[in-house]
Amino acid sequence: MSASYHFTHAITRKPSASITSGLRAVDIGTPDLAKMQAHHADYIAALRSTGAEVVELDALEAFPDSVFVEDTALCLPEGAVVMRPGAPSRLGEAALMAPHLRALYAQVRQISGADSFIEGGDILTTETEILVGRSARTNAAGIVELTALVSDWGHTVREVFTPPGVLHFKTDCSLLDGETILATERLAASGCFDGYKVIHTAIGEEACANTIRFNDLVIMPAGFPKTRDTLVAAGYAVREVGNSECAKLDGGMSCLSLRFSPRG
Ligand code: CIR
């Protein structure tokens with residue numbers, strides 16, 4: 001079993017009505033809550049269709065971006081690490097995720113340094129290492145602290161860089177299997193995936209780089225036919241899910257869940 005993409009559990013959180021005030025790099029319109037809820041339900045159905053247990057947490061009105069649960073924690077087989085989001089409006093979300101992780105994990109650790117910032121969207125866990133992209137949300141101190149917290153669990157952290165103007169490292173890449181990454185050309189050109197097989201998103205379809213491999217499925221945003229066809233031709237079982245509303249807030253498939261198989 002490949003621990004980097006075989007999962008027994010996922011945690012999600014319902015979108016709140018306050019999602020209309022969610023953070024966005026560029027305002028391309030207000031998300032439609034009903035449409036987002038429909039997409040979210042479809043996403044959860046896709047996760048469940050693989051046999052995983054999916055927790056659906058209640059919406060948090062005080063945190064407009066709280067549907068993007070991935071940013072609050074890093075989940076590994078041995079335990080979970082609660083993040084310290086670099087976006088001030090999101091800092092409180094992480095503490096609210098901790099009890100849900102403790103319910104499923106024996107070991108839950110925490111990024112706690114006052115100067116340490118790190119968001120789950122900047123973390124790509126592969127079969128052999130954990131890549132963390134420095135970004136406007138994740139700093140060197142956060143990466144150093146994470147490295148120390150996961151080393152006795154046997155994990156190696158490698159610092160990489162999120163391209164300027166890109167929200168998170170995983171905005172531009174995803175794990176497809178134990179040796180293959182889907183990435184935009186602009187990110188892959190940095191050399192951070194040397195040693196991996198890389199499939200590029202089609203030109204003009206960079207916005208679908210944030211997909212997830214979840215058990216047998218590659219779950220990707222709908223509306224990117226060239227990249228979808230490339231993935232299907234490469235042998236992946238692709239499931240498309242609408243993402244138009246989350247995309248208005250720079251969110252994609254990985255942001256909407258924490259995915260893991262707690263060991264013991
Ligand atoms: C934010 O700016 O924090 C949210 N609007 C989007 C977060 C997306 N999360 C992710 O890529 N992991």
Side-chain angles (χ1 to χ4, degrees), residues 2-5 23-26 68 70-71 74-76 81 83-87 111 115-151 155-213 218-221 224 226-228 230-231 234 236 243 246-247 249-255 259:
S2 309
S4 57
Y5 61 92
L23 297 171
R24 61 207 82 175
V26 179
F68 302 118
E70 173 179 65
D71 295 316
L74 171 65
C75 293
L76 297 167
V81 181
M83 299 283 111
R84 241 178 88 71
I111 302 286
D115 297 326
S116 300
F117 294 102
I118 182 162
E119 297 192 355
D122 280 315
I123 306 178
L124 180 75
T125 304
T126 77
E127 210 54 32
T128 52
E129 60 178 346
I130 298 173
L131 285 81
V132 187
R134 253 211 251 178
S135 72
R137 302 286 184 85
T138 293
N139 65 11
I143 298 173
V144 167
E145 201 174 331
L146 179 70
T147 304
L149 288 175
V150 301
S151 65
H155 294 280
T156 305
V157 171
R158 175 157 63 101
E159 182 180 283
V160 289
F161 291 88
T162 301
V166 173
L167 175 61
H168 286 130
F169 185 65
K170 275 193 313 219
T171 304
D172 267 29
C173 67
S174 324
L175 187 79
L176 290 173
D177 59 36
E179 57 194 20
T180 316
I181 308 276
L182 174 69
T184 61
E185 287 197 28
R186 70 184 164 201
L187 179 58
S190 73
C192 62
F193 301 127
D194 289 355
Y196 292 90
K197 263 168 67 182
V198 177
I199 295 180
H200 290 136
T201 51
I203 302 295
E205 293 191 351
E206 289 76 11
C208 73
N210 182 273
T211 66
I212 52 170
R213 175 70 192 268
V218 170
I219 304 177
M220 70 176 289
F224 301 92
K226 290 185 197 142
T227 307
R228 178 201 58 208
T230 301
L231 294 175
Y236 296 103
N243 191 54
C246 287
L249 302 177
D250 311 314
M253 297 291 107
S254 77
C255 326
R259 304 163 292 280

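Note that these values count all heavy atoms, side chains included, but never hydrogens, waters or copies made by symmetry.
- Under a 3.5 Å cut-off, the side chain of Asp177 and the backbone N or O of Thr180 do form a donor-acceptor pair.
- The stretch residues 201-213 participates, sequence neighbours left out, in no salt bridge (charged side-chain N to carboxylate O under 4.0 Å, His left out) pair at all.
- Between Ala183 and Ala188 the shortest heavy-atom distance is CB-CB, 4.3 Å.
- In this structure, Ile212 CD1 and Leu176 CG are separated by 11.5 Å, a value rounded to the nearest 0.5 Å.
- Residues Ile111 and Leu146 have side chains in contact (heavy-atom distance under 4.5 Å, counting atoms from C-beta outward).
- Under a 4.0 Å N-O distance rule, the pair Arg137/Asp122 does not qualify as a salt bridge.
- Under the 3.5 Å distance criterion, the side-chain polar atoms of Asn139 are matched with a main-chain donor or acceptor of Phe117.
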side-chain contact (heavy atoms from CB on, under 4.5 Å) evaluation trace for Leu76 with Ile130: CA-CA 10 Å; Leu76 297 167; Ile130 298 173; 4.0 Å; yes
Could you please spell out the steps behind the side-chain contact (heavy atoms from CB on, under 4.5 Å) verdict for Arg134 and Val160? CA-CA 6 Å; Arg134 253 211 251 178; Val160 289; over 6 Å; no
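- Residues Asn243 and Gly251 share a closest heavy-atom pair of ND2-O, 3.0 Å.
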Show the atom names and distances, to 0.1 Å, of all donor-acceptor pairs under 3.5 Å that link a side chain in residues 191-204 to residues at least two apart or in another chain.
{"residue": "Tyr196", "atom": "OH", "partner": "Thr126", "partner atom": "OG1", "Å": "2.8"}
{"residue": "Tyr196", "atom": "OH", "partner": "Glu129", "partner atom": "OE2", "Å": "2.6"}

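- A distance of 10.5 Å separates CD in Glu179 from OG in Ser4, rounded to the nearest 0.5 Å.
- Met253 contributes atom CE, which lies 10.5 Å from atom OG of Ser174 (distance to the nearest 0.5 angstrom).
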Walk me through it: do Ile118 and Glu145 pass the test side-chain contact (heavy atoms from CB on, under 4.5 Å)? CA-CA 9 Å; Ile118 182 162; Glu145 201 174 331; over 6 Å; no
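- Contact record, Ser254 with Arg259: O-NH1, 2.9 Å, taken as the closest heavy-atom pair.
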Trace of the side-chain hydrogen bond (donor to acceptor under 3.5 Å, both in side chains) decision for Thr162 with Ser135: CA-CA 5 Å; Thr162 301; Ser135 72; 4.7 Å; no
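- Taking CG of Asp71 as the start and CD1 of Ile123 as the end, the distance is 9.0 Å to the nearest 0.5 Å.
- Between Glu127 atom CD and Tyr5 atom OH the span is 7.0 Å, to the nearest 0.5 Å.
- A salt bridge is absent between Glu119 and Arg84; no separation between the charged side-chain nitrogens and carboxylate oxygens falls under 4.0 Å.
- Asp250 contributes a side-chain N or O that, together with a main-chain N or O of Ala25, makes up a donor-acceptor pair within less than 3.5 Å.
- With contacts defined as side-chain heavy-atom distances shorter than 4.5 Å, the pair Leu23/Leu249 does not qualify.
- The line from NE2 of His168 to SG of Cys255 is 7.5 Å long, rounded to the nearest 0.5 Å.
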Yes or no on side-chain contact (heavy atoms from CB on, under 4.5 Å) for Phe169 and Thr138, after CA distance, side-chain angles and deciding distance? CA-CA 10 Å; Phe169 185 65; Thr138 293; over 6 Å; no
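- Put simply, the side chain of Ser190 never gets that close to the backbone of Arg186: no donor and acceptor are under 3.5 Å apart.
- Within the 3.5 Å criterion, the main-chain N or O of Cys173 finds no donor-acceptor partner in the side chain of Asn210.
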